[in-house]
Amino acid sequence: QQPVQSPQAVILREGEDAVINCSSSKALYSVHWYRQKHGEAPVFLMILLKGGEQKGHDKISASFNEKKQQSSLYLTASQLSYSGTYFCGTEWEGNKLVFGAGTILRVKS
Amino acid sequence: SQTIHQWPATLVQPVGSPLSLECTVEGTSNPNLYWYRQAAGRGLQLLFYSVGIGQISSEVPQNLSASRPQDRQFILSSKKLLLSDSGFYLCAWSRGNEQFFGPGTRLTVL
């Protein structure tokens, strides 16, 4: 089943923070986060494995709550370059990902 | 380092014509390979995946097929294209947990 992402879209000003959520109805092995710019391929951001870990690099981090089957992506002090569509991909069997519908993020100056 | 190539980058084909899209990966061996389709403004739909030469799993019934004739080559084909086959076709590879996408082929069926 396709994971549910929220919100569908968000508009920020530079420097503001955002949270994107991803929920699954199935027990997950891992959650993958990607960012896609218009007309380009998705770019891998990070992967979180079951165990409730949290990861981050630069000002983008994520958490994975295995019990709730939820993951959240945190973008702090957003920059113009953060604009794009963010997808979570959930893995619950054998190296296959099921992607959410995406969250459109627009950062304005 | 690993790189993934797809060609062509764009393609315009008439309804009923055949299709062949190619994907190759460099810098790794025995990767898992995937074909996804993304309709305009939509999410990513897994079409096929392969864990080895000649091993193809189909996720969605359709008029497309995939083949893996070599370890690092993945081909997406169709004998007769439909209008609904239009979209952005992405090949991806993984070896371990992380998946990485190729640049994609934008297909328009007229």
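Quick note on labels: first sequence line is chain A, next is B, and so on, each numbered from 1.
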Same apolar cluster (I L V M F W Y, side chains within < 4.5 Å links), [X]/[Y]:
X: B:L110; Y: B:L21; answer: no
X: B:L64; Y: B:V12; answer: no
X: B:L33; Y: B:I75; answer: no
X: B:V15; Y: B:L11; answer: yes

#### Entry: A:F44 CZ: over 12 foreign heavy atoms closer than 6.0 Å
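Above 12, so yes.
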
### Query
What do you reckon, is NZ of B:K80 surrounded by more than 12 foreign heavy atoms closer than 6.0 Å?
no

### Task
Might you point out which heavy atoms bring B:F101 and A:A41 nearest each other, and give the distance in Å?
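For B:F101 versus A:A41, the nearest heavy atoms are CB-CB, 4.3 Å.
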
### Query
Closest approach of B:N97 and A:H32, non-hydrogen atoms and distance?
O-CE1, 2.9 Å

### Message
Could you measure the distance from the NZ atom of A:K96 to the CD atom of B:Q99? Nearest 0.5 Å is fine.
### Response
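The NZ atom of A:K96 sits 11.5 Å away from the CD atom of B:Q99.
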
Minimum side-chain heavy-atom gap [X]-[Y] below 4.5 Å:
X: B:Y36; Y: A:L97; result: yes
X: A:P42; Y: B:L90; result: yes
X: A:F99; Y: B:Q38; result: no

### Query
Which region of B:L46, side chain (C-beta onward) or backbone (N, CA, C, O), has a non-hydrogen atom less than 4.5 Å from a non-hydrogen atom of chain A, or is it both or neither?
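Contact with chain A is through the side chain of B:L46 alone.
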
### Query
Which one, A:E91, A:E40, A:Q36, leads in non-hydrogen pairs under 4.5 Å with chain B?
A:Q36

